Amino acid sequence: MTINHGSLSYLDPARPEPWASFIEQIDRVAPHLGHLSRWIETLKHPKRILVVDVPIVRDDGTIAHYEGYRVQHNLSRGPGKGGVRFHPAVALNEVMALAGWMTIKNAALGLPYGGAKGGIRIDPRTCSQAELERITRRYTSEIGIVIGPDKDIPAPDVGTNEQTMAWMMDTYSMNVGHTASGVVTGKPIALGGSLGRQEGTGRGVCIAAREAGIRMGVPISGARIVVQGFGNVGGVAARIFRESGAKIIALQDAEATVANPAGIDIPAALAHVAAHGSLSGFFGAEPVSEDDFWQIDCEYFIPAALEGQVTPERARRMRTKIIVEGANGPTTPAADDILHERNILVIPDVLANAGGVTVSYFEWVQDFSSFFWSEEEINARLESIMIKAFDAIWQTAQERRLSIRTAAFIIACQRVLAAREQRGLYP
Ligand code: GLU
(Lines give C-alpha, C1' and ligand atoms only; values in the text may rest on other atoms or scores of the structure.)
Protein backbone atom coordinates (compact mmCIF):
# COMPACT_ATOMS: atom_id res chain seq x y z
CA MET A 1 0.00 0.00 0.00
CA THR A 2 1.33 3.44 -0.82
CA ILE A 3 0.63 6.17 1.66
CA ASN A 4 -0.34 9.48 0.19
CA HIS A 5 1.08 12.33 2.20
CA GLY A 6 0.59 14.95 -0.47
CA SER A 7 3.31 16.44 -2.58
CA LEU A 8 4.99 18.57 0.06
CA SER A 9 8.74 18.23 -0.14
CA TYR A 10 9.35 19.42 3.44
CA LEU A 11 7.51 16.44 4.94
CA ASP A 12 9.46 13.39 6.00
CA PRO A 13 8.00 10.56 3.85
CA ALA A 14 9.00 8.05 6.53
CA ARG A 15 6.57 9.67 8.97
CA PRO A 16 3.44 10.52 6.98
CA GLU A 17 0.90 10.26 9.82
CA PRO A 18 -1.30 12.01 10.86
CA TRP A 19 -1.07 14.48 7.96
CA ALA A 20 -1.73 11.54 5.60
CA SER A 21 -5.02 10.88 7.43
CA PHE A 22 -6.04 14.50 6.98
CA ILE A 23 -5.19 14.36 3.25
CA GLU A 24 -7.25 11.18 2.90
CA GLN A 25 -10.22 12.83 4.62
CA ILE A 26 -9.94 15.76 2.20
CA ASP A 27 -9.72 13.36 -0.77
CA ARG A 28 -12.89 11.64 0.43
CA VAL A 29 -14.85 14.86 0.52
CA ALA A 30 -13.61 16.29 -2.81
CA PRO A 31 -16.16 14.44 -5.01
CA HIS A 32 -19.01 16.02 -3.01
CA LEU A 33 -17.98 19.65 -3.46
CA GLY A 34 -19.25 20.37 -6.97
CA HIS A 35 -17.51 23.29 -8.69
CA LEU A 36 -15.67 24.18 -5.46
CA SER A 37 -13.56 21.03 -5.81
CA ARG A 38 -11.46 23.10 -8.19
CA TRP A 39 -9.99 24.74 -5.07
CA ILE A 40 -9.43 21.52 -3.10
CA GLU A 41 -5.62 21.68 -3.28
CA THR A 42 -5.82 24.75 -1.02
CA LEU A 43 -6.62 22.42 1.86
CA LYS A 44 -3.66 20.15 1.10
CA HIS A 45 -1.20 23.04 1.27
CA PRO A 46 -0.87 24.77 4.65
CA LYS A 47 -0.69 28.50 4.08
CA ARG A 48 2.21 29.22 6.42
CA ILE A 49 4.58 27.10 8.51
CA LEU A 50 6.97 28.49 11.09
CA VAL A 51 9.59 26.22 12.67
CA VAL A 52 11.43 27.79 15.59
CA ASP A 53 14.36 26.93 17.82
CA VAL A 54 13.49 27.30 21.50
CA PRO A 55 16.69 27.45 23.57
CA ILE A 56 16.59 27.77 27.36
CA VAL A 57 18.95 27.54 30.31
CA ARG A 58 17.81 24.55 32.35
CA ASP A 59 17.70 24.67 36.15
CA ASP A 60 21.02 22.78 36.32
CA GLY A 61 22.74 25.45 34.22
CA THR A 62 22.94 23.43 30.98
CA ILE A 63 21.48 24.76 27.73
CA ALA A 64 18.72 22.84 25.98
CA HIS A 65 17.18 23.39 22.55
CA TYR A 66 13.63 22.37 21.66
CA GLU A 67 11.89 22.39 18.29
CA GLY A 68 8.72 24.47 18.13
CA TYR A 69 6.11 25.04 15.42
CA ARG A 70 3.20 27.26 14.49
CA VAL A 71 1.25 26.21 11.41
CA GLN A 72 -1.44 28.42 9.89
CA HIS A 73 -3.28 25.95 7.72
CA ASN A 74 -5.86 28.31 6.25
CA LEU A 75 -6.85 31.94 6.85
CA SER A 76 -9.59 32.37 4.25
CA ARG A 77 -12.39 32.87 6.79
CA GLY A 78 -10.54 34.83 9.47
CA PRO A 79 -7.53 34.77 11.78
CA GLY A 80 -5.81 31.52 12.63
CA LYS A 81 -7.14 29.74 15.71
CA GLY A 82 -5.98 26.61 17.48
CA GLY A 83 -4.08 25.30 20.47
CA VAL A 84 -0.46 24.80 21.43
CA ARG A 85 0.68 21.28 22.35
CA PHE A 86 3.64 20.36 24.57
CA HIS A 87 4.31 16.65 24.08
CA PRO A 88 7.36 14.47 23.31
CA ALA A 89 5.73 13.19 20.08
CA VAL A 90 5.03 16.63 18.55
CA ALA A 91 6.28 16.73 14.95
CA LEU A 92 5.63 18.92 11.92
CA ASN A 93 3.30 16.42 10.24
CA GLU A 94 1.24 16.25 13.44
CA VAL A 95 0.97 20.03 13.88
CA MET A 96 0.00 20.36 10.20
CA ALA A 97 -2.81 17.82 10.62
CA LEU A 98 -4.00 19.42 13.86
CA ALA A 99 -4.03 22.83 12.11
CA GLY A 100 -5.99 21.34 9.20
CA TRP A 101 -8.57 19.88 11.58
CA MET A 102 -8.92 23.32 13.19
CA THR A 103 -9.74 24.82 9.75
CA ILE A 104 -12.46 22.20 9.31
CA LYS A 105 -13.74 22.45 12.90
CA ASN A 106 -13.99 26.26 12.92
CA ALA A 107 -15.78 26.27 9.56
CA ALA A 108 -18.11 23.39 10.52
CA LEU A 109 -19.21 25.35 13.61
CA GLY A 110 -19.44 28.62 11.68
CA LEU A 111 -16.80 30.37 13.82
CA PRO A 112 -15.13 33.29 12.01
CA TYR A 113 -11.65 31.74 12.03
CA GLY A 114 -9.19 29.93 9.86
CA GLY A 115 -7.24 27.03 11.32
CA ALA A 116 -3.87 26.96 13.07
CA LYS A 117 -1.95 24.91 15.61
CA GLY A 118 1.36 25.03 17.42
CA GLY A 119 3.53 22.84 19.52
CA ILE A 120 6.88 22.08 21.06
CA ARG A 121 8.48 18.62 21.11
CA ILE A 122 9.07 18.34 24.84
CA ASP A 123 7.88 16.25 27.77
CA PRO A 124 6.47 18.91 30.12
CA ARG A 125 6.41 16.40 32.99
CA THR A 126 10.22 16.40 33.02
CA CYS A 127 10.44 20.20 33.39
CA SER A 128 10.18 22.42 36.44
CA GLN A 129 7.65 25.28 36.47
CA ALA A 130 10.50 27.74 36.00
CA GLU A 131 11.78 25.83 32.95
CA LEU A 132 8.27 25.64 31.48
CA GLU A 133 7.90 29.38 31.92
CA ARG A 134 11.20 30.05 30.09
CA ILE A 135 10.27 27.63 27.29
CA THR A 136 6.80 29.14 26.89
CA ARG A 137 8.08 32.71 26.89
CA ARG A 138 10.85 32.04 24.37
CA TYR A 139 8.49 30.10 22.10
CA THR A 140 5.91 32.91 22.27
CA SER A 141 8.54 35.47 21.43
CA GLU A 142 9.73 33.36 18.46
CA ILE A 143 6.23 32.92 17.01
CA GLY A 144 5.36 36.53 17.90
CA ILE A 145 5.85 37.50 14.26
CA VAL A 146 2.80 35.48 13.18
CA ILE A 147 0.39 35.60 16.15
CA GLY A 148 -1.83 38.44 17.38
CA PRO A 149 -5.48 39.09 18.33
CA ASP A 150 -6.43 39.65 14.69
CA LYS A 151 -3.80 37.35 13.12
CA ASP A 152 -3.67 34.03 14.93
CA ILE A 153 -4.90 33.23 18.44
CA PRO A 154 -3.36 30.26 20.32
CA ALA A 155 -5.09 28.34 23.14
CA PRO A 156 -4.36 25.32 25.37
CA ASP A 157 -4.06 21.78 24.00
CA VAL A 158 -2.40 18.59 25.30
CA GLY A 159 0.32 19.48 27.84
CA THR A 160 -0.57 23.18 28.18
CA ASN A 161 -3.05 24.97 30.45
CA GLU A 162 -4.23 28.37 31.65
CA GLN A 163 -0.84 29.10 33.25
CA THR A 164 0.84 28.54 29.86
CA MET A 165 -1.67 30.99 28.33
CA ALA A 166 -0.97 33.57 31.05
CA TRP A 167 2.76 33.45 30.19
CA MET A 168 2.01 33.64 26.47
CA MET A 169 -0.30 36.64 26.95
CA ASP A 170 2.26 38.40 29.14
CA THR A 171 5.19 37.75 26.78
CA TYR A 172 3.31 38.94 23.70
CA SER A 173 2.02 41.98 25.61
CA MET A 174 5.52 42.92 26.82
CA ASN A 175 6.82 42.67 23.26
CA VAL A 176 4.09 44.89 21.77
CA GLY A 177 4.10 47.34 24.69
CA HIS A 178 0.49 47.03 25.85
CA THR A 179 -1.75 44.41 27.39
CA ALA A 180 -3.23 42.35 24.57
CA SER A 181 -5.58 39.87 26.27
CA GLY A 182 -7.12 38.75 22.97
CA VAL A 183 -3.86 37.20 21.72
CA VAL A 184 -4.61 33.85 23.40
CA THR A 185 -7.72 32.17 24.80
CA GLY A 186 -8.01 29.71 27.67
CA LYS A 187 -6.47 32.31 30.03
CA PRO A 188 -7.11 32.53 33.77
CA ILE A 189 -10.34 34.43 34.51
CA ALA A 190 -8.39 37.27 36.19
CA LEU A 191 -6.55 37.98 32.90
CA GLY A 192 -9.59 38.15 30.64
CA GLY A 193 -10.35 34.43 30.47
CA SER A 194 -13.91 33.25 30.03
CA LEU A 195 -16.12 31.41 32.46
CA GLY A 196 -16.83 27.96 31.09
CA ARG A 197 -13.71 27.79 28.89
CA GLN A 198 -11.89 25.13 30.87
CA GLU A 199 -14.94 22.89 30.78
CA GLY A 200 -15.94 23.85 27.25
CA THR A 201 -14.44 20.91 25.35
CA GLY A 202 -15.73 18.25 27.76
CA ARG A 203 -19.14 19.91 27.93
CA GLY A 204 -19.30 19.99 24.13
CA VAL A 205 -18.43 16.27 23.95
CA CYS A 206 -21.43 15.58 26.21
CA ILE A 207 -23.72 17.78 24.10
CA ALA A 208 -22.62 15.92 20.95
CA ALA A 209 -23.12 12.54 22.64
CA ARG A 210 -26.56 13.54 23.89
CA GLU A 211 -27.65 14.74 20.43
CA ALA A 212 -26.40 11.50 18.84
CA GLY A 213 -28.14 9.49 21.55
CA ILE A 214 -31.47 11.24 20.97
CA ARG A 215 -31.35 10.37 17.27
CA MET A 216 -30.14 6.80 17.80
CA GLY A 217 -32.38 5.94 20.75
CA VAL A 218 -29.41 5.48 23.10
CA PRO A 219 -30.09 7.76 26.10
CA ILE A 220 -27.11 9.02 28.10
CA SER A 221 -28.94 8.31 31.35
CA GLY A 222 -28.21 4.69 32.15
CA ALA A 223 -25.62 4.33 29.35
CA ARG A 224 -22.32 2.50 29.94
CA ILE A 225 -19.45 4.73 28.85
CA VAL A 226 -15.72 4.06 28.33
CA VAL A 227 -13.37 7.06 28.30
CA GLN A 228 -9.79 7.05 26.99
CA GLY A 229 -7.91 10.07 28.37
CA PHE A 230 -8.71 11.60 31.74
CA GLY A 231 -7.42 15.15 31.36
CA ASN A 232 -9.16 18.38 30.50
CA VAL A 233 -11.41 16.69 27.94
CA GLY A 234 -11.99 13.13 29.21
CA GLY A 235 -12.06 14.11 32.89
CA VAL A 236 -14.67 16.85 32.43
CA ALA A 237 -16.76 14.75 30.02
CA ALA A 238 -16.73 11.78 32.43
CA ARG A 239 -17.94 14.02 35.25
CA ILE A 240 -20.77 15.53 33.21
CA PHE A 241 -21.81 12.12 31.83
CA ARG A 242 -21.92 10.82 35.39
CA GLU A 243 -24.04 13.80 36.47
CA SER A 244 -26.40 13.01 33.58
CA GLY A 245 -26.99 9.51 34.93
CA ALA A 246 -24.48 7.51 32.84
CA LYS A 247 -22.12 4.89 34.26
CA ILE A 248 -18.42 5.33 33.44
CA ILE A 249 -17.28 1.70 33.39
CA ALA A 250 -13.65 2.10 32.24
CA LEU A 251 -10.98 4.79 32.07
CA GLN A 252 -7.49 5.00 30.63
CA ASP A 253 -4.81 7.65 31.08
CA ALA A 254 -1.14 7.71 30.10
CA GLU A 255 -0.21 5.47 33.03
CA ALA A 256 -3.17 3.24 33.90
CA THR A 257 -6.16 1.40 32.45
CA VAL A 258 -8.94 0.59 34.91
CA ALA A 259 -12.50 -0.74 34.83
CA ASN A 260 -15.42 -1.15 37.19
CA PRO A 261 -18.62 -2.62 35.71
CA ALA A 262 -20.65 -1.11 38.57
CA GLY A 263 -19.55 2.39 37.51
CA ILE A 264 -16.48 4.38 38.59
CA ASP A 265 -16.84 7.10 41.23
CA ILE A 266 -15.65 9.96 38.98
CA PRO A 267 -15.19 12.64 41.68
CA ALA A 268 -12.99 10.12 43.58
CA ALA A 269 -11.00 9.33 40.41
CA LEU A 270 -10.53 13.05 39.69
CA ALA A 271 -9.39 13.65 43.28
CA HIS A 272 -6.91 10.75 42.94
CA VAL A 273 -5.47 12.23 39.73
CA ALA A 274 -5.25 15.69 41.32
CA ALA A 275 -3.27 14.21 44.22
CA HIS A 276 -1.09 11.66 42.39
CA GLY A 277 -0.87 12.88 38.80
CA SER A 278 -2.47 9.79 37.22
CA LEU A 279 -5.05 7.03 37.68
CA SER A 280 -2.33 4.62 38.68
CA GLY A 281 -3.02 3.30 42.20
CA PHE A 282 -6.70 4.32 42.14
CA PHE A 283 -8.63 1.85 44.30
CA GLY A 284 -12.11 2.48 42.89
CA ALA A 285 -11.55 0.27 39.83
CA GLU A 286 -9.59 -2.83 38.79
CA PRO A 287 -6.64 -2.66 36.38
CA VAL A 288 -7.43 -4.16 32.95
CA SER A 289 -5.19 -4.95 30.00
CA GLU A 290 -4.94 -2.63 27.00
CA ASP A 291 -6.42 -5.45 24.90
CA ASP A 292 -9.47 -5.89 27.11
CA PHE A 293 -10.02 -2.14 27.33
CA TRP A 294 -10.69 -1.89 23.58
CA GLN A 295 -13.34 -4.60 23.66
CA ILE A 296 -15.39 -3.58 26.67
CA ASP A 297 -19.11 -3.80 25.96
CA CYS A 298 -20.57 -0.28 26.20
CA GLU A 299 -22.99 2.16 24.59
CA TYR A 300 -20.51 5.05 24.18
CA PHE A 301 -16.74 5.02 23.70
CA ILE A 302 -15.01 8.40 24.09
CA PRO A 303 -11.43 8.56 22.75
CA ALA A 304 -10.18 11.74 24.46
CA ALA A 305 -6.40 11.29 24.34
CA LEU A 306 -4.25 11.47 21.20
CA GLU A 307 -4.62 10.84 17.47
CA GLY A 308 -4.38 7.44 15.76
CA GLN A 309 -5.81 5.45 18.69
CA VAL A 310 -8.74 3.77 16.93
CA THR A 311 -6.77 1.62 14.50
CA PRO A 312 -8.35 -0.87 12.04
CA GLU A 313 -7.36 -3.69 14.37
CA ARG A 314 -9.12 -2.08 17.35
CA ALA A 315 -12.09 -0.97 15.24
CA ARG A 316 -12.76 -4.63 14.41
CA ARG A 317 -12.97 -5.54 18.09
CA MET A 318 -14.71 -2.57 19.69
CA ARG A 319 -18.10 -3.33 21.23
CA THR A 320 -19.81 0.03 21.39
CA LYS A 321 -22.74 1.67 19.63
CA ILE A 322 -21.43 5.22 19.38
CA ILE A 323 -17.94 6.75 19.35
CA VAL A 324 -17.70 10.44 20.27
CA GLU A 325 -14.26 11.82 19.46
CA GLY A 326 -13.02 14.07 22.27
CA ALA A 327 -9.46 13.94 20.91
CA ASN A 328 -8.34 15.33 17.57
CA GLY A 329 -7.85 12.66 14.90
CA PRO A 330 -8.28 9.56 17.09
CA THR A 331 -9.72 7.40 14.27
CA THR A 332 -7.68 6.52 11.18
CA PRO A 333 -9.54 6.60 7.80
CA ALA A 334 -9.19 2.80 7.43
CA ALA A 335 -10.69 2.32 10.91
CA ASP A 336 -13.51 4.70 9.97
CA ASP A 337 -14.47 2.35 7.12
CA ILE A 338 -14.53 -0.66 9.42
CA LEU A 339 -16.68 1.14 12.00
CA HIS A 340 -19.05 2.20 9.22
CA GLU A 341 -19.41 -1.42 8.04
CA ARG A 342 -20.00 -2.52 11.61
CA ASN A 343 -22.74 0.11 12.08
CA ILE A 344 -20.86 1.88 14.85
CA LEU A 345 -21.72 5.58 14.67
CA VAL A 346 -18.77 8.00 14.86
CA ILE A 347 -19.35 11.61 15.91
CA PRO A 348 -16.15 13.15 14.54
CA ASP A 349 -13.66 15.36 16.38
CA VAL A 350 -14.39 18.40 14.20
CA LEU A 351 -17.90 18.45 15.67
CA ALA A 352 -17.64 16.55 18.96
CA ASN A 353 -14.71 18.42 20.51
CA ALA A 354 -15.56 21.85 19.11
CA GLY A 355 -16.92 23.09 22.46
CA GLY A 356 -13.43 24.26 23.47
CA VAL A 357 -12.78 26.49 20.51
CA THR A 358 -16.39 27.71 20.60
CA VAL A 359 -15.92 29.04 24.14
CA SER A 360 -12.50 30.34 23.02
CA TYR A 361 -14.40 32.37 20.44
CA PHE A 362 -16.63 33.75 23.22
CA GLU A 363 -13.50 34.61 25.24
CA TRP A 364 -11.96 36.47 22.29
CA VAL A 365 -15.19 38.42 21.69
CA GLN A 366 -15.45 39.29 25.41
CA ASP A 367 -11.81 40.48 25.44
CA PHE A 368 -12.44 42.74 22.45
CA SER A 369 -15.46 44.34 24.05
CA SER A 370 -14.09 44.19 27.63
CA PHE A 371 -17.55 43.06 28.65
CA PHE A 372 -17.87 39.68 30.33
CA TRP A 373 -20.79 37.27 30.21
CA SER A 374 -22.25 35.04 32.90
CA GLU A 375 -21.55 31.31 32.87
CA GLU A 376 -25.24 30.62 32.15
CA GLU A 377 -25.08 32.80 29.06
CA ILE A 378 -21.88 31.12 27.87
CA ASN A 379 -23.26 27.62 28.34
CA ALA A 380 -26.55 28.55 26.64
CA ARG A 381 -24.71 30.00 23.64
CA LEU A 382 -22.45 26.93 23.49
CA GLU A 383 -25.50 24.65 23.44
CA SER A 384 -27.13 26.66 20.70
CA ILE A 385 -24.06 26.77 18.40
CA MET A 386 -23.32 23.06 18.89
CA ILE A 387 -26.91 21.95 18.33
CA LYS A 388 -27.22 24.07 15.20
CA ALA A 389 -24.01 22.58 13.76
CA PHE A 390 -25.03 19.07 14.81
CA ASP A 391 -28.45 19.41 13.11
CA ALA A 392 -27.00 20.69 9.84
CA ILE A 393 -24.30 18.00 9.71
CA TRP A 394 -26.70 15.22 10.67
CA GLN A 395 -29.17 16.31 8.00
CA THR A 396 -26.46 16.40 5.31
CA ALA A 397 -25.32 12.91 6.34
CA GLN A 398 -28.89 11.57 6.13
CA GLU A 399 -29.71 13.21 2.80
CA ARG A 400 -26.50 12.11 1.11
CA ARG A 401 -26.16 8.80 2.96
CA LEU A 402 -22.67 9.64 4.16
CA SER A 403 -20.78 9.36 7.43
CA ILE A 404 -21.09 12.20 9.92
CA ARG A 405 -17.40 12.96 9.36
CA THR A 406 -17.79 13.32 5.60
CA ALA A 407 -20.91 15.45 6.11
CA ALA A 408 -19.04 17.73 8.54
CA PHE A 409 -16.15 18.01 6.07
CA ILE A 410 -18.59 18.85 3.23
CA ILE A 411 -20.16 21.73 5.14
CA ALA A 412 -16.79 23.01 6.35
CA CYS A 413 -14.98 22.70 3.01
CA GLN A 414 -17.85 24.42 1.22
CA ARG A 415 -17.51 27.38 3.59
CA VAL A 416 -13.72 27.57 3.35
CA LEU A 417 -13.52 27.09 -0.40
CA ALA A 418 -16.42 29.47 -1.13
CA ALA A 419 -14.50 32.13 0.84
CA ARG A 420 -11.37 31.22 -1.11
CA GLU A 421 -13.22 31.57 -4.40
CA GLN A 422 -14.98 34.81 -3.50
CA ARG A 423 -11.75 36.41 -2.31
CA GLY A 424 -9.96 35.24 -5.45
CA LEU A 425 -6.28 34.55 -5.93
CA TYR A 426 -3.85 37.37 -5.28
CA PRO A 427 -2.30 38.91 -7.39
N1 GLU B 1 -6.96 22.80 21.47
C2 GLU B 1 -8.40 22.87 21.34
C3 GLU B 1 -8.86 22.15 20.09
O4 GLU B 1 -8.20 21.27 19.61
C5 GLU B 1 -8.92 24.29 21.47
C6 GLU B 1 -8.42 25.26 20.44
C7 GLU B 1 -8.85 26.71 20.73
O8 GLU B 1 -9.56 26.94 21.69
O9 GLU B 1 -8.41 27.57 19.97
O10 GLU B 1 -9.93 22.38 19.59
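Atoms within each ligand, like the ligands themselves, are counted from 1 in listed order. A quick note: this is a predicted structure, and the numbers were derived from the prediction, not measured.
- Scanning the protein for heavy atoms near atom 10 (O) of ligand 1, the closest one is Lys105 NZ, 2.6 Å.
- Of the polar atoms of Asn353, none of the N or O atoms is found under 3.5 Å from an N or O of ligand 1, judged by distance alone.
- At a heavy-atom cutoff of 4.0 Å, ligand 1 is contacted by no atom of Pro154, backbone or side chain.
- Between Phe22 and His73, a ring centre-to-centre spacing shorter than 6.0 Å is recorded.
- The closest heavy-atom contact to atom 1 (N) of ligand 1, among the options Asp157, Thr185, Asn328, comes from Asp157.
- Nearest non-hydrogen protein atom to atom 9 (O) of ligand 1 is Lys81 NZ, 2.7 Å.
- Taking the charged nitrogens against the carboxylate oxygens, Arg203 and Glu383 have no contact shorter than 4.0 Å, which rules out a salt bridge.
- Counting protein heavy atoms only, atom 7 (C) of ligand 1 is closest to Ala155 CB, 3.3 Å.
- Under 4.0 Å is where a charged nitrogen must lie from a carboxylate oxygen, and between Glu375 and Arg197 no such pair does.
- Judged by distance alone, the side chains of Asn353 and Asn328 do bring a donor and an acceptor atom under 3.5 Å apart.
- For ligand 1, the atoms closer than 4.0 angstrom to any heavy atom of Gly82 are 9 (O).
- Contacts of Lys117 with ligand 1, taken as heavy-atom pairs under 4.0 Å, involve the side chain alone.
- Scanning the protein for heavy atoms near atom 8 (O) of ligand 1, the closest one is Ser360 OG, 2.6 Å.
- In terms of protein heavy-atom proximity, atom 5 (C) of ligand 1 is closest to Arg197 NH2, 3.5 Å.
- Not one N or O on the side chain of His340 forms a donor-acceptor pair closer than 3.5 Å with the backbone of Asp336.
- Not a single N or O atom of Met102, backbone or side chain, sits closer than 3.5 Å to an N or O atom of ligand 1.
- Between the CZ atom in Phe86 and the CG atom in Asp157 there is a gap of 10.5 Å [rounded to 0.5 Å].
- Ion pair Arg215/Asp391 flagged as a salt bridge, since at least one NZ, NE, NH1 or NH2 atom sits closer than 4.0 Å to an Asp/Glu carboxylate oxygen.
- Separation of the Phe301 and Phe293 ring centroids falls under the 6.0 Å cut-off.
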